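Since the structure is predicted, the reported quantities are computational estimates derived from the model, not experimental observations.
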Amino acid sequence: MKPVVYQILTRLFGNRSDARIKHGTIAENGCGKMNDITSSVLRRIKQLGVTHVWYTGIIRHATTTDYSDYGIPCQHHSVVKGRAGSPYAITDYYDVDPDLAVDVNRRQDEFHELIARTHSAGLKLIIDFVPNHVAREYKSICKPSDIPDLGENDDENCRFSQENNFYYFPNEPFEPQFDLNRYSEFPAKATGNDCFTPHPSVNDWYETVKLNYGIDYFESESLHKTFSFIPPTWKRMLEILYFWASKGIDGFRCDMAEMVPLAFWQWAISELKKIYPHIIIIGEVYQPHLYHNFISAGFDWLYDKVGMYDSLRGIVEGHRHTEDITRQWQAVDDIAEHMLFFLENHDEQRIASDFFATDGIKAIPALMTMALMRTNPIMIYAGQEYGERGMDIEGFSGLDGRTTIFDYWSLASLQHGYYNRRKLTTAEKNLEKKYKTILQLCNTSQAICRGRFFDLMYVNRHISDYIYSFIRKEDAETILVVANFSQAERHISLFVPSHAFDYLNLSSGVCSAIDALSGKSQVITLNPNESIDLDVPAYCGLVLSLDKQH
């Protein structure tokens, strides 16, 4: 199977409240629970064509909700973004977020049960590993007793020490460039986005503290240093990876992996996979010139954001042409199987938002392209398959076309799709059907799962700036894909060069061609250097299974 990852922001997914009060508390707006992701919900996700579920926000993070009755330390609201808080401001690497539990005292057990349900549904399970930074008031109450807490043994009189877990500003208080409202931190620690000053701005990741992996950022010559010993932070992070891997999870999505020294990843991934060789390591890396280094360090998959995502988005929005897709896959051709394609995630704007395409249907050709062109993994963000618009003003998150990661909220699209399907609109049903057809091909078609790929664009530049076409082939199965990014149906004459026949071992002659998207069939003649006449529907395309007629 071709890996299809389905990202779930766990706090939002199962929330069936319709309140949606701006800046609402958990009592006012509700919160999705792990128990809401039932076996029947997971079966429906599986039926979409999904192979892996990434549960975002499992590990306990900073929030304004008071759980002190359960022995959980409160967080000062001035260093929490939104009422719910960011899932990437971790307060205890060894704890499950209490917002997600029906019974807070059983939150670890409820997570174990979610793992079991996910696996029983035939799905693999991924969680976040946030290695670069923690919440400003990090304090573990669930760590093993023999492991020191982060910062517990630090010398706070040193700006930098390889023995420290954090970076400090001795004798200086934490004084950001905005009102702290009585929050106190002394001495100040460096902020998570490599902000090495006690005065971060409101645009910095001020709610987080940068972890120290043994790099002295105050001395530029040390940034490329080698390590003669294993720094304490490395050991703490590997212990955390071991802890979660031992629960039976299948992978980690590593937040801002490029902000952590490569040497750490080489060591930690090697050590982790000695015990858990099946674990998938996904890296959030945005600098293409670093891709090979991270793959060599042991990463299985890397975000293809500045390449394929930016290209496909630009074509959908009308300011790039489809020939750019060819440039993007060629740029990473030697590491193609490691690149994770996506059109949405929690950081990006929703396709159907006013800031992107305004309607999810307009990105179907982009979905066809990213899902069907190579053997590498792809990712879908929950609600994408129903055209979630992300056009709410939730609270800390404003009207930005994104689904909030900071606020207690709910999504009508997910309620319709997974909890009350009688409310699905015609548009939601139509979009879901297209997603299911395309994604299921990643499970069922051997040509798509593991077949060869041949880009047809170099001999078809005459067709349109908004058509992209390619062939996939494995054994006797041949699939011709033509994606139409434009708002008009296109009648095209598509050439298949002789080189494609040689490379794919294609047979020439008359073929029956059945379109997976429409179910319609036609007869075409497939010969080297001859054209095929095709009508390609707007904002969609053709996925033609070619069967030679004898």
Side-chain angles (χ1 to χ4, degrees), residues 308-329 341 343-344 349-373 384-389 401 425-439 441 455-472 479-496 513-526 530-546:
M308 193 58 72
Y309 170 86
D310 284 352
S311 176
L312 291 173
R313 175 167 181 163
I315 297 165
V316 170
E317 292 179 325
H319 55 79
R320 290 197 189 188
H321 297 155
T322 49
E323 64 181 5
D324 189 52
I325 297 171
T326 302
R327 285 193 289 270
Q328 300 307 327
W329 71 253
F341 290 168
L343 294 172
E344 287 191 356
Q349 290 170 320
R350 291 286 194 170
I351 293 166
S353 76
D354 292 349
F355 301 90
F356 190 163
T358 71
D359 187 339
I361 205 71
K362 294 180 180 179
I364 288 297
L367 177 72
M368 293 169 57
T369 300
M370 79 162 196
L372 305 179
M373 70 182 296
Q384 178 181 336
E385 72 273 36
Y386 299 109
E388 171 57 41
R389 301 198 68 227
T425 66
T426 299
E428 288 171 336
K429 289 177 183 177
N430 290 339
L431 191 61
E432 180 195 44
K433 183 179 179 180
K434 284 184 167 58
Y435 268 77
K436 185 179 290 188
T437 299
I438 293 165
L439 297 180
L441 284 170
D455 188 325
L456 294 171
M457 295 310 295
Y458 79 99
V459 291
N460 286 285
R461 290 174 181 163
H462 62 286
I463 292 177
S464 168
D465 290 334
Y466 299 103
I467 296 286
Y468 184 70
S469 60
F470 55 92
I471 297 178
R472 301 294 307 278
I479 292 181
L480 171 63
V481 179
V482 186
N484 179 7
F485 287 79
S486 73
Q487 63 184 343
E489 180 179 271
R490 301 283 179 171
H491 178 79
I492 65 171
S493 294
L494 184 76
F495 283 90
V496 180
I514 301 174
D515 179 25
L517 295 174
S518 67
K520 296 178 180 179
S521 62
Q522 58 184 302
V523 175
I524 66 172
T525 301
L526 189 64
E530 293 185 8
S531 63
I532 306 167
D533 290 334
L534 298 169
D535 292 317
V536 191
Y539 291 138
C540 194
L542 303 171
V543 183
L544 298 175
S545 180
L546 306 182

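- Two residues are said to be in side-chain contact when any heavy atoms from C-beta on lie closer than 4.5 Å; Phe485 and Ile325 meet this criterion.
- The shortest distance between side-chain heavy atoms of Leu544 and Gln522 falls below 4.5 Å.
- Side chain to side chain, Glu317 and His319 meet the donor-acceptor criterion of an N or O pair below 3.5 Å.
- Rounding to the nearest 0.5 Å gives a distance of 11.0 Å between CG of Leu441 and CZ of Arg472.
- Of the residues listed (Asn484, Asp324, Asp455, Asn460), the one engaging Tyr468 in a side-chain hydrogen bond (donor to acceptor under 3.5 Å, both in side chains) is Asp455, and it is the only one.
- Among residues two or more places apart in sequence or in another chain, the side chain to side chain donor-acceptor pair (under 3.5 Å) test is passed with Glu385 by Tyr6, Tyr418.
- Side-chain contact check for Tyr435 versus Gln384: some heavy-atom pair is nearer than 4.5 Å.
- Between the side chain of Arg350 and the backbone N or O of Gly401 there is no donor-acceptor pair closer than 3.5 Å.
- With rounding to the nearest 0.5 angstrom, the OG atom of Ser493 is 12.0 Å from the CD atom of Glu530.
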**Residues Val481, Met373; criterion side-chain contact (heavy atoms from CB on, under 4.5 Å); working and verdict** = CA-CA 8 Å; Val481 179; Met373 70 182 296; over 6 Å; no
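- Residue Tyr466 holds its OH atom at 10.0 Å from OH of Tyr539, rounded to the nearest 0.5 Å.
- One distance of note links CG of Leu494 with CE of Met457; it measures 8.5 Å at 0.5 Å rounding.
- Judged by distance alone, the side chain of Thr437 and the main-chain N or O of Leu517 form no donor-acceptor pair under 3.5 Å.
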**Request:** Under the side-chain contact (heavy atoms from CB on, under 4.5 Å) rule, what do Ile361 and Lys434 come out as? Steps first, then yes or no, please.
**Result:** CA-CA 9 Å; Ile361 205 71; Lys434 284 184 167 58; 3.8 Å; yes
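- Using a 4.5 Å heavy-atom cutoff, the side chains of Leu372 and Ile479 are not in contact.
- Arg490 has its side chain out of reach of Ile463: every pair of non-hydrogen atoms, C-beta onward, lies at least 4.5 Å apart.
- Side-chain contact between Leu526 and Val496: present, with at least one pair of heavy atoms (C-beta onward) separated by less than 4.5 Å.
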